[in-house]
Structure formats: structure tokens, C-alpha cells
Protein chains: 2
Amino acid sequence: MTPLNYALLGLIRAEARSGYALRKVFETTPMGSFSSSPGSVYPALKNLQKAGVIESRPTGKKSVFAITGAGDAAFEAWLRQPVTASENTDIALLRFAFLHDYPDRQLSLAFLLSYARACHDKIVGLKAFMTSDTWQQMPLQTRLAVQHGLRITEAAAEWAADAHLQLSEEIKP
Amino acid sequence: MTPLNYALLGLIRAEARSGYALRKVFETTPMGSFSSSPGSVYPALKNLQKAGVIESRPTGKKSVFAITGAGDAAFEAWLRQPVTASENTDIALLRFAFLHDYPDRQLSLAFLLSYARACHDKIVGLKAFMTSDTWQQMPLQTRLAVQHGLRITEAAAEWAADAHLQLSEEIKP
DNA sequence: CCAACCATGTAAGCTGTTACATGATTGA
DNA sequence: TCAATCATGTAACAGCTTACATGGTTGG
């Protein structure tokens with residue numbers, strides 16, 4: 001199961017779709033980090049079918065892909081995974097976006113806490129590296145490049161805190 | 001020429017190194033986004049040799065890889081490319097880090113301007129998307145996920161401005 | 001009617017991953 | 001001496017990209 005597979009699975013879970021419709025999502029939304037090329041999407045859909053997580057269903061004239069029970073379980077397990085410091089940010093955010101489809105908002109809050117924690121770990125790691133011998137020997141611009149990573153991660157941590165606040169407020173009152 | 005190839009080329013350009021030494025860099029520095037697995041590094045080095053951009057050179061007992069004239073030209077051309085909004089951030093930052101090895105600091109400043117511009121373009125694009133119909137129909141969390149991207153990009157733009165200032169000051173006085 | 005879009009695929013080729021394999025050197 | 005690290009590879013496999021190919025539908 002690659003990120004592309006999960007992206008397809010999540011979209012199909014939200015709404016039964018044709019391969020072409022899925023490709024259009026990748027072309028016209030910020031999910032464009034995934035390739036919309038037929039050579040990636042159609043083989044991936046075949047794999048998902050073979051794995052039993054989606055099935056082809058006739059809807060009116062055309063047939064679309066729908067998620068199966070096994071697919072639903074696999075997808076939710078993926079969403080529930082804690083965020084790790086090494087996890088790709090785009091993928092983590094994709095999981096967060098998909099969490100909306102679940103009524104239990106606690107899952108989303110748990111994700112945000114986990115994400116903030118992962119950011120924090122990364123920040124700690126970068127700051128630790130910034131005191132190492134290697135760091136001292138690095139030229140100015142290499143250090144600036146690393147600082148870029150630090151800034152970005154700090155912004156991400158702030159976002160997580162903000163988002164957590166907004167979601168909490170949306171639930172309570 | 002993949003990003004891995006350029007990363008190897010840049011490291012070799014800075015200092016002649018063995019395959020193992022290159023792998024160690026990927027294992028112990030923030031360049032860890034590149035795989036240090038032998039199955040990726042050694043074949044890549046072979047490709048670089050075949051392309052004529054590096055050559056194996058005996059240094060004392062052991063032999064290391066050194067950059068060739070063609071390699072030097074190819075690498076500099078890569079560094080000089082303007083940053084595009086679609087370019088991977090990590091790769092762009094890698095280019096910036098490698099620019100340190102060139103005495104002409106104007107290249108670095110040009111990069112930072114180009115990078116800031118790319119961030120700006122991305123911000124404009126995201127904000128435009130945030131006024132579209134698609135955006136209106138998106139659930140809260142999807143919107144939050146997109147906002148994450150906005151925040152990150154804004155932080156990157158700020159970093160670029162800061163870095164430009166710092167570098168300018170380092171040059172002038 | 002013709003261009004544009006809908007819709008689905010296949011094939012070649014390249015990268016990278018994982019896992020296996022080998023042998024030298026070195027420090028405890 | 002024995003484990004760890006140095007050092008370099010290969011083989012099977014999966015995934016993605018590019019390019020090619022096909023045929024249906026629809027709007028101007």
C-alpha cells in the first residue's frame with residue numbers, strides 16, 4: 001500500500017468514483033502531488049481490486065469503484081496511525097484531511113497532538129544537530145538551509161496548535 | 001539526472017569521496033532524505049561514471065570518485081536554474097546549500113529572490129484556490145490541511161527574505 | 001463535422017527498495 | 001578472537017513516468 005493507494009482508497013471511500021474522476025481530482029485540487037497519469041492510476045486501481053479493498057460496481061450505465069469492508073478497515077487503521085517525525089508531511093496532512101469523514105472528532109484531535117509531537121521531535125533533533133561538530137564545520141549556507149527546515153517545522157507546530165484549538169472550540173459549545 | 005545524482009555530484013565536487021563515504025553523509029546529516037542503501041548509491045555512481053560527470057581516481061591506496069569538467073559544468077547549470085513553484089522544497093534547498101561552494105555570492109542572492117518569488121506564486125495559487133467553488137464545498141479539515149500548506153509556504157518566504165538580508169550584510173561591509 | 005474532452009488501458013524503461021552476499025580492517 | 005564497521009556489490013521486485021493507443025461522447 002503506497003501513499004497513492006491510500007489517496008485513491010480515501011477518495012473512493014468518500015464517494016464511489018471512476019478512474020477518470022479520480023485522475024481529475026489529482027489534476028484540479030491540491031492533491032496534485034499525486035500523479036494523474038493513466039499509467040499510475042489505472043494499474044494502482046487494479047492492485048487495489050486484487051487486494052480486495054475496492055470493487056467495481058455498476059452505477060447506472062457506467063461502473064465505478066466502491067470501497068469494500070476490508071478496504072474500510074485497512075483505511076481506518078492507516079488513519080489511526082500516530083504521526084512519526086520521519087513521515088512525509090504531505091502524507092500526514094492527507095490523513096488529517098480524510099479524518100473529516102469520521103464522526104469521531106477525537107481522532108482528529110489525537111492526530112493533531114501526535115503531529116505536534118512529531119514536529120517537536122524534529123525540532124529537538126535539528127537543534128541537537130546544530131550543536132554537533134559537523135554543524136560547526138558546515139559553511140554558512142548549509143546552516144541556513146538547515147535553519148529553513150527548522151523554521152518550516154516550527155510553523156507546522158504552530159499550525160497544529162491552532163488547528164487543535166479551532167477544532168476543540170467547534171466541538172464543545 | 002535524478003536529485004540523488006545531483007546530490008552525489010555536489011558532494012563529490014566539494015571533495016573526492018568513496019561510495020561508502022557518500023552513503024555515510026546520507027546517514028549522518030540532514031541530507032538523510034536521500035537513501036544511503038547500497039542498492040541506490042552504487043548503481044547511481046555507475047551511471048554518473050557512464051555519463052562522464054565523475055571518474056574513479058586512485059588516492060593513496062584507495063580510489064575515490066572525483067568530478068570531471070563535464071560534471072562541473074552540468075552541476076553549475078543545475079544550480080543556476082531558477083526556482084519554480086512546483087520544485088520540491090528539499091531539492092531547492094539542497095541547491096542553495098551547494099551554492100556556497102561558489103565564490104560568486106550573487107548566485108546565492110539570485111537563488112533567494114527566485115525562491116521567494118516561487119513561494120509567492122504558490123501562496124497566490126493557494127489563495128486563489130481558496131476562493132473557488134471547490135474550496136467552498138470542502139469540509140473544514142480539508143481546508144485546514146490546505147491552510148497548513150499556506151502557513152508553511154509563508155514561513156518559507158519569510159526565511160528567504162531573512163536569509164537574503166543576512167547574506168547581503170555579510171557581503172557589503 | 002471536428003475539436004475537445006471523457007475514459008481506459010498497455011509497454012518500455014528507469015529508480016529505488018529490500019535482501020542477500022562477500023571480504024577487509026580494526027578496536028576491545 | 002570476535003564483533004563491529006568499512007566497503008562494494010548483485011538480484012528480485014515494485015512503482016512511477018512517458019509515450020503510445022484506442023474508442024466514445026458532446027458542444028460549437
Side-chain angles (χ1 to χ4, degrees), chain A residues 1-9 11-12 15-29 31-51 53-66 74 78 84 86-88 90-91 94, chain B residues 1-9 11-12 15-29 31-51 53-66 74 78 84 86-88 90-91 94:
Chain A
M1 292 292 287
T2 67
L4 171 63
N5 285 342
Y6 282 115
L8 291 170
L9 197 51
L11 289 172
I12 290 168
E15 182 188 341
R17 284 174 167 98
S18 69
Y20 187 77
L22 291 161
R23 288 178 55 211
K24 283 292 134 184
V25 172
F26 295 152
E27 260 172 22
T28 60
T29 74
M31 287 183 74
S33 53
F34 296 102
S35 165
S36 68
S37 76
S40 67
V41 172
Y42 292 111
L45 288 170
K46 249 187 197 169
N47 289 341
L48 290 172
Q49 261 188 301
K50 218 190 307 178
V53 292
I54 63 170
E55 58 188 14
S56 185
R57 254 186 217 162
T59 303
K61 286 183 183 178
K62 301 174 181 182
S63 86
V64 294
F65 294 103
W78 180 64
T84 65
S86 63
E87 182 175 9
N88 178 293
D90 290 341
I91 307 303
L94 181 67
Chain B
M1 292 291 286
T2 67
L4 172 63
N5 285 342
Y6 283 115
L8 291 169
L9 198 51
L11 288 172
I12 290 168
E15 181 188 341
R17 283 176 169 96
S18 69
Y20 187 77
L22 291 161
R23 288 177 56 210
K24 284 293 132 181
V25 172
F26 295 153
E27 261 172 22
T28 60
T29 73
M31 286 183 75
S33 53
F34 295 103
S35 166
S36 67
S37 76
S40 68
V41 172
Y42 293 111
L45 287 169
K46 247 186 199 170
N47 290 342
L48 290 172
Q49 259 188 302
K50 218 189 310 178
V53 291
I54 63 172
E55 59 188 12
S56 185
R57 254 186 217 163
T59 303
K61 287 183 183 179
K62 302 174 180 182
S63 87
V64 296
F65 293 103
W78 180 66
T84 64
S86 62
E87 182 175 8
N88 179 294
D90 290 340
I91 308 303
L94 181 67

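Residue numbering restarts at 1 for every chain, and letters A, B, ... go by the order of the sequence lines. The shown structure was predicted, so the numbers you read here are calculated from the model rather than taken from an experiment.
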How many angstroms lie between [atom1] in [X] and [atom2] in [Y], if you round to the nearest 0.5 Å?
X	Y	atom1	atom2	result
A:Leu4	A:Met31	CG	CE	9.0 Å
B:Lys46	B:Ser56	NZ	OG	12.5 Å
B:Leu48	B:Asn5	CG	CG	4.5 Å
B:Tyr6	B:Leu9	OH	CG	8.0 Å
B:Leu94	B:Trp78	CG	CH2	4.5 Å

State, to 0.1 Å, how close B:Leu8 and B:Ala44 come at their nearest heavy-atom pair, and which atoms those are. CD1-CB, 3.7 Å
Scanning both residues in full, the closest heavy-atom pair of A:Ala16 with A:Val64 reads CB-CG2, 3.6 Å
For the pair made of CG in A:Asn88 and C1' in C:dG16, what is the distance, rounded to whole Å? 16 Å
Give the rounded distance in Å between these two atoms: CD1 of B:Ile91 and C1' of C:dT15. 14 Å
Evaluate side-chain contact (heavy atoms from CB on, under 4.5 Å) for B:Leu45 paired with B:Phe65, printing each intermediate quantity in order. CA-CA 9 Å; B:Leu45 287 169; B:Phe65 293 103; 3.6 Å; yes
Where chain B begins and ends its contact with DNA chain D, read 5' to 3' at 4.0 Å from heavy atoms: D:dC6 to D:dT10
Can you tell me if B:Ser37 touches the phosphate of C:dT18, counting only side-chain N or O atoms and a distance under 4.0 Å to OP1 or OP2? no
Below 4.0 Å: OP1/OP2 of C:dG16 and any side-chain N or O of B:Thr2: yes
For B:Phe26 and B:Phe34, take the angle between the two ring planes, folded into 0 to 90°, and tell me which bin it lands in: parallel under 30, tilted 30 to 60, perpendicular over 60. tilted
Please test B:Asn47 against B:Thr2 for side-chain contact (heavy atoms from CB on, under 4.5 Å), starting from the C-alpha separation and ending with a verdict. CA-CA 11 Å; B:Asn47 290 342; B:Thr2 67; over 6 Å; no
Return the angle between end axes of the helix from C:dC1-D:dG28 to C:dA28-D:dT1, with five pairs used per end and rounding to 10°. 30°
Mind checking if A:Ser35 touches a base, just sugar-phosphate, or nothing, with heavy atoms under 4.0 Å? sugar-phosphate
Name the nucleic acid region contacted by B:Asn47, choosing base, sugar-phosphate or nothing; use a 4.0 angstrom heavy-atom cut-off, strictly under. sugar-phosphate
Keeping A:Arg23 on the side-chain end and A:Val41 on the backbone end, is there a donor-acceptor pair under 3.5 Å? no
Report, one pair per line, the protein and nucleotides 5-8 of chain C atoms (nitrogen or oxygen only) whose separation is under 3.5 Å.
unit_1, atom_1, unit_2, atom_2, d
C:dC6, OP2, A:Tyr20, OH, 2.3
C:dC6, O5', A:Tyr20, OH, 3.2
C:dA7, OP1, A:Lys62, NZ, 2.2
C:dT8, OP2, A:Gly19, N, 3.3
C:dT8, OP2, A:Tyr20, N, 2.7
C:dT8, OP2, A:Tyr42, OH, 3.3

